[in-house]
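Structure record follows, encoded as structure tokens.
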Amino acid sequence: MTIIEVPDGWPADEETAQAVQEELRARLVVAEEGPGVGEGNVTGVDVAYDDARDLVAAAAVVLDGRTLEVVEEATAVGRVSFPYVPGLLAFREVPTVLAALGRLAARPGLLVCDGYGLAHPRRFGLASHLGVLTGLPSVGVAKNPFTFTYAQPGEARGEFGDLVADGETVGRALRTRAGVKPVFVSVGHRVSLDRACAHTLHLSPRYRLPETTRHADALCRRALGEALSTNTE
DNA sequence: GCGACAG
DNA sequence: ATCTTGTCGC
């Protein structure tokens, strides 16, 4: 198993990382509607960590956007490239996630990330970061409201309330299952908020979290476990 | 200054 | 994220 190395010149401190973030943000595109629901592929990405061994395993799972059937899976294992700092999550995951994406033969289509896009202290979360680096349309679907405030959505599936940062709407608290805690959706890159939510609903026909996230989560845990046992033998 | 804080 | 058993409910 090849362990992905942290790229040369990768930010080593918070100041540098923020500077890189600001530069990349200039390339963010938010004026596109993005792919329609059911069009092309949809790819979920997620990572699992082993902090003790400084390892991160990433998974990319491509689903058919219409049927939600798995088209292809890929994984990569790398070194943790940055400490966890709220607002700088992307610097921790990006190299290994890009490696996993690079191992796909299928066209990824829309990227569905764990975490945020525009809903971010500097409006450039993980989903936006990955979108800009890959050029792919992307959305962020997070499980927690982070530091933001939000309007409680109605109890029915599909209802939503605004996710607000500094008085600005940066995403939505979207109910994917009746009576269950909402997920927090924000635009990543090259997609509108309406479509980001429509995709999230389409991808979550049965559970709170999108099928993309569920598949990717299971796969990256599996990959991490295999990497650890392979390494210990 | 202190605490909270996507994963 | 991750450490962790049983348990309530569909």
Side-chain angles (χ1 to χ4, degrees), chain A residues 6 11 14 17-18 21 24-25 28 44-61 75-98 100-101 111-132 138-150 155 157 163-166 168-174 176-189 193 196 200 205-210 212-225 227-228:
Chain A
V6 177
E14 298 186 25
Q18 279 198 30
Q21 211 166 50
L24 290 174
R25 192 165 65 88
L28 187 63
V45 295
D46 194 16
V47 302
Y49 300 101
D50 184 87
D51 285 317
R53 301 187 195 226
D54 199 40
L55 290 178
V56 51
V61 180
T75 63
V77 176
R79 294 292 172 196
V80 172
S81 50
F82 207 83
Y84 173 64
V85 178
L88 297 176
L89 175 65
F91 293 92
R92 191 166 167 76
E93 317 194 334
V94 156
T96 313
V97 169
L98 290 182
L101 286 171
L111 229 44
V112 179
C113 311
D114 269 37
Y116 287 111
L118 288 183
H120 180 274
R122 291 170 295 280
R123 305 296 179 268
F124 198 73
L126 174 65
S128 297
H129 202 127
L130 283 172
V132 165
S138 65
V139 306
V141 181
K143 298 182 281 297
N144 300 291
F146 199 18
T147 61
F148 311 116
T149 57
Y150 65 98
E155 293 300 304
R157 168 178 152 86
L163 184 65
V164 177
D166 313 312
E168 176 187 351
T169 295
V170 293
R172 288 175 186 162
L174 177 66
T176 53
R177 283 199 73 181
V180 172
K181 175 180 174 174
V183 296
F184 304 88
V185 179
S186 58
V187 166
H189 182 57
L193 182 55
T200 301
R206 176 157 185 195
Y207 300 104
R208 175 183 177 234
L209 296 178
T212 38
T213 300
R214 290 165 44 76
H215 281 289
D217 180 70
L219 182 57
C220 69
R221 289 182 199 233
R222 204 180 314 149
L224 181 63
L228 293 179

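Every value quoted in this text rests on a predicted model; they were computed, and no experiment measured them. Note on naming: letters A, B, ... go to the chains in the order of the sequence lines (proteins, then strands), and numbering restarts at 1 for each one.
For A:A59, the side-chain contact (heavy atoms from CB on, under 4.5 Å) criterion is met by A:T75, A:L219, A:C220, not counting sequence neighbours. Applying the ring-ring contact (aromatic ring centres under 6.0 Å, His included) criterion to A:H120, with sequence neighbours excluded, gives no partner residue. Annotation: side-chain contact (heavy atoms from CB on, under 4.5 Å) contacts of A:L224 (sequence neighbours excluded): A:A48, A:D50, A:L55, A:A57, A:L228. Legend: residues meeting salt bridge (charged side-chain N to carboxylate O under 4.0 Å, His left out) with A:R122, ordered by chain and number and at least two apart, are absent. For A:R123, the salt bridge (charged side-chain N to carboxylate O under 4.0 Å, His left out) test picks out A:D166, A:E168, with sequence neighbours left out. For A:R221, the side-chain hydrogen bond (donor to acceptor under 3.5 Å, both in side chains) criterion is met by A:D217, not counting sequence neighbours. The side-chain contact (heavy atoms from CB on, under 4.5 Å) check on A:A127 picks up A:C113, A:S138, with sequence neighbours excluded.
Exactly one residue among A:T212, A:T96, A:V97, A:T213 makes a side chain to side chain contact (heavy atoms under 4.5 Å, CB included) with A:V45. That residue is A:V97. For the side chain to side chain contact (heavy atoms under 4.5 Å, CB included) test with A:Y116, the passing option among A:L163, A:V185, A:V141, A:V187 is A:L163; the others fail.
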Inset, instruction - Quick one: the dot-bracket string of DNA chain B, using Watson-Crick and G-U wobble pairs with both distances under 3.5 Å, [ ] for crossing pairs and | for bases paired to another strand. - result: .......
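Judged as a salt bridge (Lys or Arg N to Asp or Glu O under 4.0 Å), not a single pair has a partner in residues 176-185 of chain A (not counting sequence neighbours).
Ring orientation note: the planes of A:F82 and A:F91 are tilted relative to one another, at an angle of 30° to 60°.
Annotated stems with DNA chain C as a participant are lacking; only runs of 3 or more Watson-Crick or G-U pairs under 3.5 Å would qualify.
Atoms CG and OH, from A:D51 and A:Y84 in turn, are 12.5 Å apart once rounded to the nearest 0.5 Å.
In the 5' to 3' direction, nucleotides of DNA chain C lying under 4.0 Å from heavy atoms of chain A begin and end at C:dA1 to C:dT2.
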Inset, instruction - Spell out protein contact along nucleotides 2-7 of chain B as letters: B when the base is contacted, S when just the sugar-phosphate is, - when no protein heavy atom is under 4.0 Å; keep the 5' to 3' order. - result: ---BBB
